[in-house]
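All remarks here apply to the structure that follows.
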Amino acid sequence: MKRHIILIIIVTIGLPFFSVAQEHLFSLEDCINYALENSTDINRAQNNSEIQSVYLNQSKAARLPNLKLNASQQFSSTNNYDPSNDTWNRDGNSTFLASLSSQVNLYNGAKLKNTIKQNEINFNAAQMDIQTEQEYLSLVVLSAYIDVLLSKDNVRNSKLQLEATQKQLAYAQARKDAGAISLSDLLNIKSELATNKTSLIEAESNRRIMFVALMQLMNMPVRSDFDIQHPPLNQLLAENIETNPVTVYEVALNIQPSIKNAELKIESSEKGIKIAKADLLPSLDLNGAINTVYGSSINGVNFGEQISNGVNPYAGLSLSVPIFQNKETKTQIILAQIQVRNSELELMEMKNNLRKYIEQACTDAQTAQSNYNALQEQLKAENESYQVNKEMFTQGMIN
């Protein structure tokens, strides 16, 4: 598909390419790979994927029992009345409490199950986001790459035009010296030469701008020795590309990461409805704990003896049944349903935009191919006319 896009854009340009000797030339693939490796947007998308992976692992861990160790030390004092001597005595007391507790959810309306599935979908959607960013950056670099090729051809054409005008000026000077043309004719050619020099300077300036734009898209520091390869145009033109928009659209729906991402968002939103509805159902938990205590007020029993003999285990079930929630759960359900509709609209918009882009690209490809074929015929005719006029010029039949 990417090679087809490259061909469409190159054919649309309709200009010949030329090569430049260089120790290392960046191919289109080299430029794209360099841009992908140094893109902050892609790294940000990868970080978001890691975040979704963390959420997924955490939701899976929520199915397991938790385990907590609690300990507390308390100090207190009380005033006690002693009637034997009619006095008040303040007695101090130290209490140490320790407990090991655990709890696991047995049923909560499949909330945990749907949360895990939703996080799995979100993780897959984050992966699609990475591919979407990669594809977008690749196309942007491709466009800049084509701009550089076009700017280089403009420089070459400007140089050829300048060389032709210089030869014309030398010939005109000889004819002026021979009295065959007037001074004004010679000055017109000199003016044309000056215009060609200005055009060459502008073309070279535009080429530098295009090179800088490409390197900046790649996040590459600007360097004077940077140059690019020219794609094998004849090989690309020999390939058969599909220009039926219906066929291309059907294929694109199955491979475009942005479409898959939008579909996954709908699935995630639908899971959100089930998660919200789970709060309307009862929740059942299994819990248990082991407690022990030490009190300094118990005389004659040391710390270790109190701790070992004061162990009290227990286990139980806790059931929570929602009765009235101030419409909190109902509100969350309505919001989740609206989110589903928004996700569906987003998918519809993406499909419509994709269809429009494909229809335009296929139309451009068909038009470019027709123009290219017509220009090839025109080039052939111009070459034949040039050869005839060149022969007539050699024989002195035309000037």
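Computed from a prediction, not measured in an experiment: that's the story for all the values here.
- With sequence neighbours left out, the salt bridge (Lys or Arg N to Asp or Glu O under 4.0 Å) criterion links K274 to no other residue.
- When hydrophobic clusters are built by joining Ile, Leu, Val, Met, Phe, Trp and Tyr residues whose side-chain heavy atoms come closer than 4.5 Å, directly or via intermediates, L217 is not grouped with M220.
- With hydrophobic clusters built from ILVMFWY side chains whose heavy atoms lie under 4.5 angstrom apart, I266 shares a cluster with I259.
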| Derivation of the side-chain contact (heavy atoms from CB on, under 4.5 Å) call for D41 and R44 | CA-CA 5 Å; D41 290 335; R44 192 177 296 110; 2.9 Å; yes
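- Judged by distance alone, with hydrogens and angles left aside, the side-chain atoms of N206 form no donor-acceptor pair with the main-chain N or O of E202 at under 3.5 Å.
- Neither side chain, E37 nor N33, offers a donor N or O lying under 3.5 Å from an acceptor on the other.
- A donor-acceptor contact shorter than 3.5 Å links the side chain of N261 to the backbone of A125.
- For the side-chain contact (heavy atoms from CB on, under 4.5 Å) with M128, the lone residue among K260, E133, Q256 that qualifies is K260.
- Panel note: side chain Q366, backbone T243; a donor-acceptor pair is recorded below 3.5 Å.
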Which atom pairs, one a donor and one an acceptor, fall under 3.5 Å between side chains of residues 45-56 and the rest of the protein, sequence neighbours left out?
{"unit_1": "N47", "atom_1": "ND2", "unit_2": "N43", "atom_2": "O", "d": "3.3"}
{"unit_1": "S49", "atom_1": "OG", "unit_2": "Q127", "atom_2": "OE1", "d": "2.5"}

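- Counting heavy atoms from C-beta on, the side chains of N287 and Y314 come closer than 4.5 Å.
- Using modelled atom types, one side-chain atom of N219 and one backbone atom of N38 make a donor-acceptor pair closer than 3.5 Å.
- To the nearest 0.5 Å, atoms CG (N114) and NZ (K277) are separated by 11.0 Å.
- E359 meets the salt bridge (Lys or Arg N to Asp or Glu O under 4.0 Å) test with R355; sequence neighbours excluded.
- A heavy-atom distance below 4.5 Å is found between the side chains of V248 and C362.
- A donor-acceptor pair is defined here as one N or O able to donate and one able to accept, closer than 3.5 Å; such a pair exists between the side chain of N66 and the backbone of Q103.
- Although no hydrogens or angles enter the test, the distance criterion places no donor-acceptor pair under 3.5 Å between the side chain of S39 and the main chain of A35.
- Using a 4.5 Å heavy-atom threshold, the side chains of S138 and E135 count as separate.
- Using cut-offs of 30° and 60° on the angle between ring planes, the pair F26 and F226 is tilted.
- How far CG of L137 is from CG of L142: 11.0 Å, rounded to the nearest 0.5 Å.
- A distance-only check finds no donor-acceptor pair linking the side chain of S191 to the backbone of L187 [under 3.5 Å].
- Looking at heavy atoms from C-beta onward, Y294 lies out of side-chain contact with Q73 at the 4.5 angstrom threshold.
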| request: Report the C-alpha distance between V155 and L200 in whole Å, list the side-chain angles of each, state the deciding distance to 0.1 Å, and finish with yes or no for side-chain contact (heavy atoms from CB on, under 4.5 Å). | output: CA-CA 6 Å; V155 170; L200 177 59; 4.2 Å; yes
| task | Applying side-chain hydrogen bond (donor to acceptor under 3.5 Å, both in side chains), run through N122 and Q118 and close with a yes or a no. | result | CA-CA 6 Å; N122 292 340; Q118 185 184 54; 4.7 Å; no
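- A donor-acceptor contact under 3.5 angstrom links the side chains of N373 and Q369, judged on distance only.
- Between D279 and K111 there is a salt bridge, with a side-chain nitrogen of the basic residue lying less than 4.0 Å from a carboxylate oxygen of the acidic one.
- The ring-ring contact (aromatic ring centres under 6.0 Å, His included) contacts involving residues 135-155 comprise nothing, where partners must be two or more places apart or lie in separate chains.
- In the hydrophobic clustering of ILVMFWY residues, with side-chain heavy atoms under 4.5 Å counting as a link, F123 and I116 come out apart.
- In this structure the side chain of T195 never reaches within 4.5 angstrom of the side chain of T165, judged on heavy atoms.
- The hydrophobic cluster containing Y171 also contains M392, counting ILVMFWY residues as joined when their side-chain heavy atoms lie under 4.5 angstrom apart, directly or transitively.
- Looking only at distances, no side-chain donor or acceptor of N244 sits under 3.5 Å from a matching main-chain atom of E242.
- Of the possible donor and acceptor atoms, none in the side chain of S143 sits under 3.5 Å from a partner among the backbone N and O of L139.
- Taking a 4.5 Å side-chain heavy-atom cut-off between Ile, Leu, Val, Met, Phe, Trp and Tyr, the cluster of L106 extends to V104, Y107, L281, L284, L286, L317, L319, V321.
- Residues I275 and L264 fall into different hydrophobic clusters, defined by Ile, Leu, Val, Met, Phe, Trp and Tyr side chains chained together at heavy-atom separations under 4.5 Å.
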| said: Working note: K176 + D185, criterion side-chain contact (heavy atoms from CB on, under 4.5 Å); need CA distance, chi angles, decisive distance, verdict. | reply: CA-CA 9 Å; K176 170 63 175 60; D185 293 333; over 6 Å; no
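- Using modelled atom types, one finds no donor on one side chain facing an acceptor on the other under 3.5 Å when comparing S99 with S101.
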| request: Evaluate the side-chain hydrogen bond (donor to acceptor under 3.5 Å, both in side chains) criterion for residues S27 and D30: first the C-alpha distance (whole Å), next the side-chain angles of each, then the deciding distance (0.1 Å), finally the verdict. | output: CA-CA 5 Å; S27 65; D30 293 334; 3.1 Å; yes
| Stepwise, does the side-chain contact (heavy atoms from CB on, under 4.5 Å) test hold for N326 with F324? | CA-CA 6 Å; N326 302 98; F324 180 70; 3.3 Å; yes
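- Between the side chains of T367 and D364, not a single donor N or O lies within less than 3.5 Å of an accepting N or O.
- Shown here are the salt bridge (Lys or Arg N to Asp or Glu O under 4.0 Å) partners of E29, two or more places apart in sequence or in another chain: there are none.
- Panel note: side chain S269, backbone K265; a donor-acceptor pair is recorded below 3.5 Å.
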